[in-house]
J.: 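Have a look at this one before I ask anything.
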Amino acid sequence: MKQYLKAQLLGTLKSLGVPENIVPSFEKPRIAAHGDLTTNVAMVAAKQIRTNPRQLAQKILEGLKLDGTLIDKAEIAGPGFINFHFTDKYYQAQLEVIIRGGKQFGKADIGKRLKTQVEFVSANPTGPLTVGHGRGAVYGDTIARLLEWTGYDVTREYYFNNAGRQMRILGDSVRLRYLELLGEKIEFPEDYYQGEYIKDIAQYLKDQHGNGLQNEPAEGIFKRQAEQEIFDDIKNTLERIGVKHDVFFNENTLYETGQVKEVIEELRKKDLAYDQDGAVWFKATAFGGEKDKVIVKATGEPTYRLPDIAYHIDKFKRGFDFIIDVLGADHVATYPDVLAGLQALGYDSSKVKVPIHQFVTIIQEGEVVKMSTRKANFITLDELIDEAGSDVVRYFFLMRGIGSHLNFDLKLAKEQSEENPVYYLQYAHARIASIIRLAESKGVDVNKSYDLSLLNQTEEISLMKLLSQFPDMVESCAVTYEPHRLAEYLHDIAGSYHKFYHEHRVVGEDLNLTAARIALCLATKTVLANGFAILGINAPEKM
RNA sequence: GGGCCCGUAGCUCAAUUGGAUAGAGCAACAGCCUUCUAAGCUGUAGGUUACGCGUUCGAUUCGCGUCGGGCCUACCA
């Protein structure tokens, strides 16, 4: 439809002598009375050729010859908008498209099978995933689903590091708890991992080995056991909310293969790395950075920047042409250095997108809970799923833009889980399923031919209009990485359907009308189910 | 001190990326079940979009400033 109108407008504009650099763009008006599609081209053009926008719009309108079976009317409104009203017939035809499309309806191929990687979660195995991780996990997974839906070839990746200081402390935390279980008096340092899960791991080791591990070093079996259990736990939690990574990439491999060393050498060759105070520095200032950054400490240990750069180079070398790193707000400061490093070594850093989600604040009994894995006063993602269920958790994280700080009132979530907005959507789907079951039990053939022109009631038309927007919605959410708009849209669909249901009876005396309305129900069910699939929530047949 | 994000109804958040009359859900109040799922529907009330200037046909959206909150600001990740 847009293409059609655009072509018509371009022709008319040309005949009016409007410069060719002016290309009409369209929007869906917020208000129904303003039609189905609107263009501000008259206002844009009027500015350039310095004329009155409304007069120009009038001329354009007079020059347009529109297909009456598609466009009901076109009119000028406000400061110079041209509004197009589509015919009912057009929307009725869209319904057919939806039903024929079925599970495929809304899919697009704008991605052209581009090899794409979405890296998300990437928490080191030092403790259970928190609610904060949950937001990144659900968001990253949904971005991956959106990209798959729009034709990208997507790999989900998890990057982790099981070496380093934090893991050493983890191992030693377990060792101390183990010794404690054997009855030794221990000092448990404040900056060690305080969580109960450490004691559980220690208990397991005691059950398995008795007191045979008394003289084992922290970095041996203690660390290994902790890592394995925690990682199993993390994977299990992710699975519970429908998140599954294709690749788990261990930072260590970057050292083992010499890729980290290579980065330093390359940077030195290009004169972008130098030694000072016993450390190796990267000339971040050459790429707009405020000051140069250390990449290898005086101790000989690299900072996170160096392996991160090597890691991203590895991504490119594995053939990814489009890379998305989902990060939490605490990492804002880190990625510019990585991008600069990539740029320095001749990689196109514009292929790397870094959506950053703000923190989740947990409110419990009216008070803010400060999250810290170390101090263990966190709410785990697992606990949240126990309380609310996967669908609620996913929807809750997806219904809001990632740019805003999310307040999660635990008390509210528990008490009102029945009132949760996700049920509003799922209820619409279940309701449709129920009606279709009823129709079938009454012998109505739901696949029978139908006369869609019978669907001319206000509620039917507005529902059809919404349904037809699904493909556009999917595409724009994929392009902007904003799944919350899809959540919002599905909410509108559900609302529109509930209104229709309330005003009109589907299964009735008039068999032709019944068949047409069943078709509308099927189309609605299709769009809801497809939307749910992208958001990763269930489409229940019954509630 | 500097950088990034944010400030919209009592609360939690939207607003088609600069569009026309700023919308939902909770909470409050008043209605709707002898007919397909009331986890629903209808209505009432709730706003100087933190504040001030600017850019233009037009600003919640862009720019500058002020105030307030979060995150970062390591030779931690």
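Below, chain A is the first sequence line, B the second, and so on; all start at residue 1.
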J.: Measuring only the C1' atom in each nucleotide, how far is B/A45 from B/G2? A whole number of Å is fine.
T.: 46 Å
J.: Across all strands shown, which nucleotide pairs with B/C64 by Watson-Crick or G-U wobble geometry, both distances under 3.5 Å?
T.: B/G52
J.: What is the distance, to the nearest angstrom, from the OH atom on A/Y255 to the P atom on B/A77?
T.: 8 Å
J.: Considering every strand and a 4.0 Å limit on heavy-atom distances, what is the contact class for A/K28: base, sugar-phosphate, or nothing?
T.: base
J.: Please report, rounded to the nearest Å, how far the C1' atom of B/A14 is from the CE atom of A/M473.
T.: 12 Å
J.: Look at all strands and tell whether A/T334 reaches a base, only sugar-phosphate, or nothing, counting heavy atoms closer than 4.0 Å.
T.: base
J.: Would A/D325 and A/K315 pass as an ion pair if we require N to O under 4.0 Å?
T.: yes
J.: Please determine whether any donor N or O and acceptor N or O are separated by less than 3.5 Å between the side chain of A/H491 and the base of B/G25.
T.: no
J.: Mind telling me whether A/W281 and A/Y274 have parallel, tilted or perpendicular rings, with 30° and 60° as the class edges?
T.: parallel
J.: Among B/U37, B/C41, B/A77, which nucleotide has an atom closest to any side-chain atom of A/I435?
T.: B/U37
J.: Which base sits across from B/G23 as a Watson-Crick or G-U pair, both distances under 3.5 Å?
T.: B/C13
J.: May I ask you to verify if any side-chain N or O of A/R30 is less than 4.0 angstrom from the OP1 or OP2 atom of B/A20?
T.: yes
J.: At 4.0 Å (heavy atoms only), tell me whether A/G508 reaches a base, stays on the sugar-phosphate, or touches nothing.
T.: nothing
J.: Report the base-pairing partner of B/G43 (Watson-Crick or G-U wobble, both distances below 3.5 angstrom), or none.
T.: B/C29
J.: Rounded to whole angstrom units, what separation is found between the CZ atom of A/F396 and the P atom of B/A24?
T.: 20 Å
J.: Do A/E541 and A/H429 touch side chain to side chain, with heavy atoms closer than 4.5 Å?
T.: yes
J.: Whole-Å distance between B/A14 C1' and A/D492 CG?
T.: 10 Å
J.: Identify whether any heavy atom of A/H405 sits under 4.0 Å from a base atom; if not, whether one sits that close to sugar-phosphate; answer base, sugar-phosphate or nothing.
T.: base
J.: When syn is taken as a glycosidic angle within 90 degrees of 0, is B/C71 syn or anti?
T.: anti
J.: Cation-pi check, A/R431 to A/Y501: give yes when NZ or CZ is under 6.0 Å from the six-membered ring centre and within 45° of the ring axis, no otherwise.
T.: yes
J.: Take atom C1' in B/G43 and the same atom in B/U49, then report the distance between them in whole Å.
T.: 26 Å
J.: Does A/A77 reach a base, just sugar-phosphate, or nothing at all? Heavy atoms under 4.0 Å.
T.: base
J.: Consider the side chain of A/T303, meaning its heavy atoms from C-beta on, and name the nucleotide among B/U37, B/C36, B/C75 that approaches it most closely.
T.: B/C75
J.: Side-chain donor or acceptor of A/Y501 under 3.5 Å from a matching atom on the base of B/U37?
T.: no
J.: Is A/F81 stacked on the base of B/A20 when the test is centres under 5.5 angstrom and planes under 30 degrees?
T.: yes
J.: Using the C1' atom in both, what is the distance from B/A20 to B/U66, to the nearest Å?
T.: 32 Å
J.: Distance check needed: B/G40 P versus A/I432 CD1, whole Å only.
T.: 15 Å
J.: Look at the side-chain N and O atoms of A/H484 and state whether any lies under 4.0 Å from the OP1 or OP2 oxygen of B/A15.
T.: yes
J.: Taking the C1' atom in each of B/C51 and B/C4, what is the distance between them to the nearest angstrom?
T.: 22 Å
J.: Please check if the number of heavy atoms outside A/Q276 that lie under 6.0 Å from its CD is greater than 12.
T.: yes
J.: Tell me: CD of A/E509 to C1' of B/U35, nearest whole Å?
T.: 11 Å
J.: Classify A/H357 by what it touches in the nucleic acid, base, sugar-phosphate, or nothing, heavy-atom distance under 4.0 Å.
T.: nothing
J.: Any strand counts, and the cut-off is 3.5 Å on both contacts for Watson-Crick or G-U wobble. Which nucleotide pairs with B/C4?
T.: B/G70
J.: When you match A/V507 and A/M399 each to their closest nucleotide on RNA chain B, which lands nearer the 5' end?
T.: A/M399
J.: Any donor-acceptor pair under 3.5 Å joining the side chain of A/T38 to the base of B/A20?
T.: yes
J.: Select one nucleotide: of B/A39, B/C76, B/A77, the one nearest the side-chain heavy atoms of A/Y423.
T.: B/A39
J.: Tell which nucleotide pairs with B/A59, taking only Watson-Crick or G-U wobble pairs whose two distances are both under 3.5 angstrom.
T.: none
J.: Is a side-chain N or O of A/N161 found less than 3.5 angstrom from the main chain of A/A163, in a donor-acceptor match?
T.: yes
J.: To the nearest angstrom, how far is A/M543 atom CE from B/C36 atom P?
T.: 18 Å
J.: Taking the side chain of A/P79 as heavy atoms from C-beta outward, which of B/C41, B/G19, B/C71 is closest to it?
T.: B/G19
J.: What does A/A329 touch in the nucleic acid at a heavy-atom separation under 4.0 angstrom: a base, only the sugar-phosphate, or nothing?
T.: sugar-phosphate
J.: I need the CD-C1' distance between A/E301 and B/C76, as an integer number of Å.
T.: 10 Å
J.: At 4.0 Å (heavy atoms only), tell me whether A/L406 reaches a base, stays on the sugar-phosphate, or touches nothing.
T.: sugar-phosphate
J.: Select one nucleotide: of B/G40, B/A14, B/C36, the one nearest the side-chain heavy atoms of A/S404.
T.: B/A14
J.: Provide the distance between the two C1' atoms, one in B/U60 and one in B/G18, to the nearest whole Å.
T.: 11 Å
J.: Using modelled atom types only, decide if a donor and an acceptor are shared between the side chain of A/T130 and the backbone of A/T380 within a distance under 3.5 Å.
T.: no
J.: Between A/N407 and B/U12, is there a contact of a side-chain N or O with OP1 or OP2 at under 4.0 Å?
T.: yes
J.: For A/T299 and A/P29, take the nucleotide of RNA chain B holding the closest heavy atom to each; which residue's nucleotide lies nearer the 5' end?
T.: A/P29
J.: Angle class for the A/F160/A/Y158 ring planes (parallel below 30°, perpendicular above 60°, tilted otherwise)?
T.: perpendicular
J.: Nearest to the side chain of A/K297 - B/A15, B/G3, B/A77?
T.: B/A77
J.: What's A/T361 touching, base or sugar-phosphate or nothing? Going by heavy atoms closer than 4.0 Å.
T.: nothing
J.: If only side-chain N and O atoms of A/K542 are considered, is one of them under 4.0 Å from the OP1 or OP2 phosphate oxygen of B/U37?
T.: no
J.: Could you check whether the side chain of A/N83 and the base of B/A20 have a donor-acceptor pair of N or O atoms closer than 3.5 Å, going by distance alone?
T.: yes
J.: Nearest of B/C72, B/A20, B/A38 to any side-chain atom of A/I31?
T.: B/A20
J.: Tell me whether the OP1 or OP2 atom of B/C41 has a side-chain N or O from A/Y427 closer than 4.0 Å.
T.: no
J.: List the steps and the verdict of side-chain hydrogen bond (donor to acceptor under 3.5 Å, both in side chains) for A/R305 and A/T334.
T.: CA-CA 7 Å; A/R305 291 181 194 92; A/T334 68; over 6 Å; no
J.: Using a cut-off of 4.0 Å on non-hydrogen atoms, how would the nucleic acid contact of A/P540 be classed: base, sugar-phosphate, or nothing?
T.: nothing
J.: Any idea which of B/C75, B/C13, B/C5 is nearest the A/A298 side chain?
T.: B/C75
J.: When you compare the side chains of A/E227 and A/N162, does any donor N or O come within less than 3.5 Å of an acceptor on the partner?
T.: yes
J.: Side chain of A/A279, heavy atoms from C-beta onward: which of B/C75, B/C36, B/G3 has the nearest atom to it?
T.: B/C75
J.: Closest to the A/Q358 side chain: B/G40, B/G70, B/A15?
T.: B/G70
